[in-house]
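Computed from a predicted structure; not experimentally measured.
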Amino acid sequence: MIREANQTDLKELLQLYMFLHETNIPEDSEQLIKTWDSIISDENHHLIVYETDGKIAASCVCVIIPNLTRGVRPYALIENVVTHENYRQRGYATACLNYARQIAEENNCYKMMLLTGSREEQTLNFYRNAGYNSSDKTAFIQWLNKTI
């Protein structure tokens with residue numbers, strides 16, 4: 001089942017993110033709860049999950065960003081695409097990305113963007129097969145106060 005995350009999904013999502021790039025699960029803190037509440041209540045922040053066997057197996061984030069160009073149409077940013085290692089190669093992450101596309105289309109977005117730090121051809125092909133390309137734009141990243 002694909003759906004948007006709800007208030008009770010935090011701990012399970014944090015565990016899933018260990019298959020992304022995290023090295024530990026954040027401790028319960030006021031900052032964590034405040035951030036989670038902000039994400040869940042933001043109408044432009046869509047945390048999409050694929051649930052199977054009563055567990056969250058895959059997820060991605062789709063953020064709709066208001067914009068003053070392109071006919072004042074927003075764009076969507078996709079982040080944190082992840083699948084639990086026990087559930088890979090089943091189409092769950094693709095379903096999450098398709099759900100994100102539907103959200104972007106419903107919000108009249110003119111484009112969707114995602115970045116990946118992966119250099120693995122299998123991962124890059126996954127994004128290509130999902131409809132993304134790496135030839136239209138060049139991405140630059142500036143890390144700020146990198147402490148992780």
Side-chain angles (χ1 to χ4, degrees), residues 1-7 9-26 31-32 34-52 55-148:
M1 170 177 75
I2 193 157
R3 62 178 174 81
E4 290 201 42
N6 61 50
Q7 191 72 35
D9 289 327
L10 176 60
K11 289 185 190 247
E12 196 169 354
L13 277 166
L14 292 175
Q15 291 173 348
L16 179 64
Y17 285 165
M18 295 299 290
F19 295 96
L20 191 57
H21 51 68
E22 295 300 303
T23 56
N24 56 43
I25 294 174
Q31 180 183 3
L32 176 64
K34 184 178 177 181
T35 301
W36 177 243
D37 289 343
S38 175
I39 289 169
I40 289 295
S41 65
D42 184 344
E43 67 180 19
N44 286 322
H45 198 132
H46 303 270
L47 208 161
I48 300 159
V49 298
Y50 192 102
E51 186 178 346
T52 187
K55 298 177 181 173
I56 296 175
S59 179
C60 77
V61 171
C62 175
V63 180
I64 307 299
I65 302 171
N67 182 40
L68 294 174
T69 66
R70 302 285 180 153
V72 195
R73 292 176 64 194
Y75 58 93
L77 178 64
I78 307 301
E79 266 292 333
N80 298 337
V81 180
V82 60
T83 302
H84 188 289
E85 68 181 1
N86 294 340
Y87 294 96
R88 292 187 178 152
Q89 303 293 318
R90 298 183 190 184
Y92 298 160
T94 299
C96 289
L97 289 175
N98 289 339
Y99 194 91
R101 181 184 177 118
Q102 181 180 343
I103 290 169
E105 288 172 341
E106 289 170 358
N107 282 274
N108 196 33
C109 291
Y110 77 94
K111 71 177 176 182
M112 296 174 66
M113 297 186 302
L114 71 79
L115 300 171
T116 180
S118 178
R119 303 273 188 252
E120 293 182 29
E121 199 60 32
Q122 180 179 4
T123 302
L124 301 178
N125 285 334
F126 165 75
Y127 290 124
R128 288 181 189 112
N129 290 334
Y132 295 86
N133 75 69
S134 58
S135 60
D136 288 348
K137 299 247 180 189
T138 301
F140 292 90
I141 297 174
Q142 183 179 69
W143 297 103
L144 305 174
N145 300 322
K146 188 173 180 179
T147 59
I148 49 175

- Message: Within this structure, what is the CD-CG distance for the pair Glu105 and Asn108, rounded to the nearest 0.5 Å?
- Response: 10.0 Å
- Message: For the backbone of Arg73 and the side chain of Asn67, can you confirm whether one donor and one acceptor N or O come within less than 3.5 Å of each other?
- Response: yes
- Using a strict 4.0 Å threshold on nitrogen-to-oxygen distance, state whether Arg3 and Glu51 make a salt bridge. yes
- Message: For the backbone of Glu43 and the side chain of His46, can you confirm whether one donor and one acceptor N or O come within less than 3.5 Å of each other?
- Response: yes
- Query: Looking only at heavy atoms, which two atoms of Ala57 and Leu16 are closest? And how far apart?
  - Reply: O-CD1, 3.8 Å
- Could you tell me which non-hydrogen atom of Ala104 sits nearest to which non-hydrogen atom of Ile64, and how far apart they are? CA-CD1, 4.1 Å
- On a heavy-atom basis, the closest approach of Tyr75 and Cys109 is C-SG, 3.7 Å
- Message: Between Val49 and Tyr99, is there a side-chain heavy-atom distance shorter than 4.5 Å?
- Response: no
- Message: Are the side chains of Glu106 and Arg101 in contact, using a 4.5 Å heavy-atom criterion?
- Response: no
- Mark yes or no for whether Asn129, through its side chain, and Asn125, through its backbone, hold a donor-acceptor pair below 3.5 Å. yes
- Task: Could you tell me how the ring of Tyr87 sits relative to the ring of Tyr92: parallel (under 30°), tilted (30 to 60°) or perpendicular (over 60°)?
- Result: tilted
- Query: When you look at NZ of Lys55, are more than 12 heavy atoms from neighbouring residues, nucleotides or ligands closer to it than 6.0 Å?
  - Reply: no
- Task: Check Arg119 against Leu124 and note the closest heavy-atom contact, atom names and distance.
- Result: O-CD1, 4.0 Å
- Message: Looking at Asn86, is its backbone amide N or carbonyl O close enough to the side chain of His84 to form a donor-acceptor pair, meaning the two atoms are under 3.5 Å apart?
- Response: yes
- Message: To the closest 0.5 Å, what do you measure between CD1 (Ile2) and OG1 (Thr52)?
- Response: 12.0 Å
- Message: Please check this pair: side chain of Ser59 against backbone of Ile48, looking for a donor-acceptor N/O pair closer than 3.5 Å.
- Response: yes
- Task: Measure the spacing between NE2 of His45 and OG of Ser38 and express it to the nearest 0.5 Å.
- Result: 8.0 Å
- Message: Tell me if a side-chain donor or acceptor on Glu79 pairs with a main-chain N or O of Val61 at a distance below 3.5 Å.
- Response: no
- Query: For Trp36 and Asn6, which heavy atoms make the closest approach, and how far apart are they?
  - Reply: CZ2-O, 3.2 Å
- Query: Just how far is it from atom CG of Leu115 to atom CZ of Phe140, taken to the nearest 0.5 Å?
  - Reply: 12.0 Å
- Write down the atom of Ile40, the atom of Gln7, and the distance for their closest heavy-atom approach. CG2-OE1, 3.7 Å
- Residue Arg88 excluded, over 12 heavy atoms near CZ under 6.0 Å: yes
- Query: Are Thr83 and Phe19 close enough that some pair of their side-chain heavy atoms sits under 4.5 Å apart?
  - Reply: no
- Does Glu121 pair with Arg128 as a salt bridge, N-O distance under 4.0 Å? yes
- Approximate separation, where rounding is to 0.5 Å, of Asp9 CG and Ile56 CD1: 4.0 Å
- Task: Measure the SG-CG distance between Cys62 and Asn107 for me, rounded to the nearest 0.5 Å.
- Result: 7.5 Å
- Query: Are Leu77 and Lys111 close enough that some pair of their side-chain heavy atoms sits under 4.5 Å apart?
  - Reply: no
